[in-house]
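Everything on this sheet refers to the single structure shown next.
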Amino acid sequence: MTDSNALDSRPDRNDPHDPGLSETMTERESYLRAGHTLRSWLLTTDHKRIAILYLITVTVFFFIGGAAAVLMRADLVTPQGDLLSNEGYNRAFTLHGVIMVWFFLIPSIPTTFGNFLIPLMIGARDLAFPRLNLLSWYIYMLGGLFTIYVLIAGGVDTGWTFYTPLSSMFANGHVVLVAVAVFIVGFSSIFTGLNFIVTVHKLRAPGMTWGRLRLFIWSHYATSLILVLATPVLSMTLVLMAAERLFGIGVFDPKLGGDPILFQHLFWFYSHPAVYIMVLPAIGVASELVAAAAHKPIFGYWFVAGSSIAIAIISFLVWGHHMFVAGQSMYASAVFSFLSLAVAVPSGIKIYNWTATLYKGHIALDPPFFFAASFIGLFVVGGLTGLVVAMMAVDVHVHDTYFVIAHFHYIMVGGTVSAYFGALHFWWPKMVGRTYFLVWGRLTAIFIFLGFNLTFFPQYILGYLGMPRRYHVYDPAFQVLNVLSSAGASILAIAYVLPFAYLIYSMRYGDPAGPNPWGVTGLEWTVPSPPPKENFAEIPVVTTGPYDYPMELESRDG
Amino acid sequence: MDGLSAWASEISAHAAEVDLLAMSFFLLVLSLSAPVFILMAVFAVRYRRGKPADRVHPIDRNVWLEVSWAIIPFALAIAFYIWATRLYANLYELPADALEIGVVAKQWMWKFQHPGGQREIDELHVPAGQPVVLTMASQDVIHSLYIPGLRLKRDVVPGRYTRMWFTADKPGVYRLTCAEFCGADHSMMGGRFVVMQQADYALWLEQTEVDASLAVQGAVLFRTYGCSGCHSPGATVHAPSLDGLYGRPVPIEGGQIVTADEQYIRDSILLPRQHIAAGYPRIMPTFANVLGEEEVLKLVAYIKSLRAAPWKDRQ
Amino acid sequence: MAEPGFVREPFREIRQQHEADMLGMYIFLATEIMLFGGLFAAIFVVRVLHPIEVVEASRRLHYFIGAINTGILLSSSLAVALAVQAARAALARRAALFLVAAAALGVAFLGLKALEYSKEYDEGLLPVFSDPGRFSGPVEHLFMNLYLISTGLHAIHVTIGVLLLGGLALRLTGGALRLPDRVIVVEACGLYWHLVDVIWVFLYPVLYLAR
Amino acid sequence: MSATRTLVLAWSALMCLLFATVGASFVLTGPWSIVTSLAIALAKAALIFWFFMHLREEAGLVRLVAIGAGAWLLILILLSMTDYATRPALGGMTN
């Protein structure tokens, strides 16, 4: 929560020596100035302030989860794991998973940038249910506090997947408490998704037809569908798992005729779509950054928009590919494997359409483009290796090895976290009204890209060679690759901390950004930076499509 | 053999084919993604802002282009899907003349039982060139037997038998390990997978101390736990005879007919009410709290050994 | 909530606000359906795995009490529907009356449910509380566990519904909720109650009538 | 008061269906029993949604939400069944 102090330390109008004299009129009327008390922040219903609350808390959880990752990577430098005990290591990766999945990746982009931008992009004054929005943040915090309590009280060692019967009968940690935490935070997701869907349907400005929606909106709409439809199943699964642990109800216990694999079915019915909850908003961000950088309409708008919805739907049909070796019937595996390949169609469309968008564009080599390019590159690698693990015979070999770890980190960290930082660098001037040093942004993007590949590419090799995941003690033959990976992780850790230094610095010392620092289209760039509390003095009437860059600029330029 | 080769050697024909499949697929992946990387870099340089370039372009969409780059990679992937699925389906077609080895997993060790009664812990000796079927049971949580050299793994799920089969060709010492997270010492649950020439394997079998074959050990259990009290012709209790039961279709209460396989025999011992042979009273007690998976495997081996012969011949 | 008759902040017109509220409520109901959906999936899987034992266990339930309870919930739904109709016509007293009737039926449902639990306890069929040795076998134990958890979860929903309907009736008679401006509140609570009814409509045959 | 009449009629239909489902459960066994009882439950749910929950007055979008939730539940149950229905009868020795 250190960031909130920084927010309050913005220029003081009464201090003549303060560089804040450069503060513009708009800054004075902005949402940031609508109240200075803690109360005005904690009881706000302004979507922009709630977005800032999320931004701070989500980032704090990112660093807690990251700290667990640093511990693990440090421990894995030696094959015998000198730093942590077996149980300590198990607790570290469980908390890393739980915190990163439910307290960072899933809420990351939707609750921060989604919250901040959806009303601005569709020409609304707020989300449909502003108080529900605030409530979701409090629910998120409640779940977060439970998790932090578990962290302090000794942790949990089931892995974030909570497979029964390990979680329900054998594990020692605070399994039920973590289940409660995830159960609670699930409601935060549900309410956020509900709010977004209703907002997109009912609060579009006059003239803002579906074909004029930004791709960011489409992907958040698709994300919200998954949030709303998948999360309740996880809640029920966790209830059953906790009841199994507390009362031995037996649904997952073969001794009473239950089936341990049923847990995996129910869990992955949520958790596979959850991967798309994490990556769809990132895809939306990438579409925005690519179009903005190229100063060109996105190539094949309807294909890109439709593919978001297609991904959301197909994501519910593929969960069994996590269970090819779990004892699922062979026929079910064949069905799930086929359906998994179908995800490649909409994902492929996006990748190639982004590339085509850059063709003959006016590409601004600013930090947002660096992050977008790095997102696309890493997402391609992660997505295509996803096809590799969808091939059943190969999956039998690489399932539960570092190959899978590398695959989903390319998607979630390479993809989603890059997009999160890309969005931060793109909309930061809008959020705080100040610009940062672009050079630093570019450097950060490059460091993240290099550090990331150094960390996770060796893990593909480790996995194919046969190193299983969740291994604290490993064969010394794997040490070289593990040391490389840990070295990459240290670069990555520094690259992730760096932006917060120059971005926070920019809040005080940056130049005023003006309403449209990147010179791009979109309703959010028509209002002052930072936006006023009510977003629009008058609700705009929309007459043009998204990414409506003038054609003459296209042919001219020099 | 040491180091990486203990993990990554291709021990079987299946392993070689999986590698071939994976490598060909990696090539496809590379050919699909390389254009993206190259074009993005080229565009970023050639069309960077401020650089003069021909930027005239007619359209911002092209349905046929988009459909083609959606469909062609998918079609290519389907070809690989067929290949991969056939390879996977092979894993389910158990060979008839295989050597059957029982596997019991528990936190945190692997126990193997050879048909002759030889037992080993965290070490599995198999003959080269002969199909081997592993019948696997878990005593506690889900484990996963992973032999990287064979490119095979299979979860070992409590409450049921899962099976894995292979023909290892290359003698040597390799790794076997647990791939499914199973608790505190998960990363230490593994050992050696030893492939031996048939003659060496026979020698090893001889030199390993044995009480009795699995089936004979099962017969002892059959008497000590009182199974024979009911399941014998002379018994006053009306219980089905087990002679020649294995592999036979059994009519069960409710009209279904099931095949008496290992799983059926196991369930009948541990969950006797689940499938009652039609026409018999429900009097069999459960042995779930009495017998461990190792004993059950022995009993299963014994019952499998019962041919359809008169009871007293075997006494 | 905003003052009666006014359009709340992000909305521009009353119709837009009403549609948004209804849509939001329906999406919430969809999440409730999916919540119970996980439970139904578990029940179906257990039934597929153990067709004979599940039927036997189901036969030991008091299908008659279940049938009466279904009738009670269906009738309470009628009362709520009539209450919504009255509320739309701004007949606050009449709406309150129907709501009280529905809530009373809800209480009757809970009472019968409690009676049923106590009978099952006497028969040794209520898991957690009864001696597990009295079940005919593990699968019956499992089935009764699922029965208890699903009916229990449903009963919690009914309790919440009764409190909502009762509170609504009080606010209507006290004039705290002005009609027809705030009719949406009555409608939303009504939708919730109907959904609780629908869930029971599925739970009843799946649990009691498996034959 | 024709609206009231509709509601009461819907209620009587619901009660008839309740009798039907209880009755059918005594006549039918096996898969037919569960198919019938689920079909009747679906009919009841449809009546409740359509008349009591005023779905017939709502916009297409809201109807879509109601149908969508059901459809998604069907995905969960049907795709899970691809596993359970195709496992060999007794837990899967071929696995």
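Order of the sequence lines sets the chain letters (A, B, ...), proteins ahead of strands, with each chain counted from 1.
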Seminar exercise, completed: For B/Phe166, the ring-ring contact (aromatic ring centres under 6.0 Å, His included) test, sequence neighbours excluded, returns B/Phe193

For this session: Indicate the ring-plane relationship of A/Tyr352 and B/Trp69, choosing parallel, tilted or perpendicular according to the 30° and 60° boundaries.
Result: tilted

Exercise. Could A/Asp400 and B/Lys153 be called an ion pair, given the rule that one side-chain N must be under 4.0 Å from one carboxylate O?
Worked result: no

For this session: Determine the option with the most heavy-atom pairs under 4.5 angstrom with chain B, choosing from A/Tyr471, A/Tyr547, A/Tyr474.
Result: A/Tyr471

Exercise. What distance separates B/Phe25 CZ from A/Leu384 CG, expressed to the nearest 0.5 Å?
Worked result: 7.5 Å

Exercise. So A/Phe93 and B/Phe181, would you call those rings parallel, tilted or perpendicular, with 30° and 60° as cut-offs?
Worked result: perpendicular

Exercise. With chain B, which of A/Ala334, A/Ala344, A/Ala171 has the greatest number of heavy-atom pairs at distances under 4.5 Å?
Worked result: A/Ala334

For this session: Please tell me if the side chains of A/Phe338 and B/Thr85 come closer than 4.5 Å, counting only heavy atoms from C-beta onward.
Result: no

Exercise. Can you say whether the rings of B/Phe43 and A/Tyr359 are parallel (under 30°), tilted (30 to 60°) or perpendicular (over 60°)?
Worked result: tilted

For this session: Could you look at B/Leu152 and say if it's the side chain, the backbone, both or neither that has a heavy atom under 4.5 Å from chain A?
Result: both

Seminar exercise, completed: To the nearest 0.5 Å, atom CG of B/Asp140 lies from atom CG of A/Leu166 at 9.0 Å

Exercise. At what distance, to the nearest 0.5 angstrom, does CG of B/Leu91 lie from CE of A/Met392?
Worked result: 9.5 Å

Seminar exercise, completed: Scored by heavy-atom pairs under 4.5 Å with chain A, the best of B/Arg46, B/Met188, B/Glu17 is B/Met188

For this session: Go through the side-chain N and O atoms of A/Ser337 and B/Tyr88 and say whether any donor and acceptor fall under 3.5 Å apart.
Result: no

Exercise. Should the ring pair B/Tyr146 and A/His397 be called parallel, tilted or perpendicular, given that the plane angle runs from 0 to 90° and is split at 30 and 60?
Worked result: tilted

Exercise. With sequence neighbours excluded, what pairs up with A/Tyr163 under the side-chain hydrogen bond (donor to acceptor under 3.5 Å, both in side chains) test?
Worked result: A/Trp268

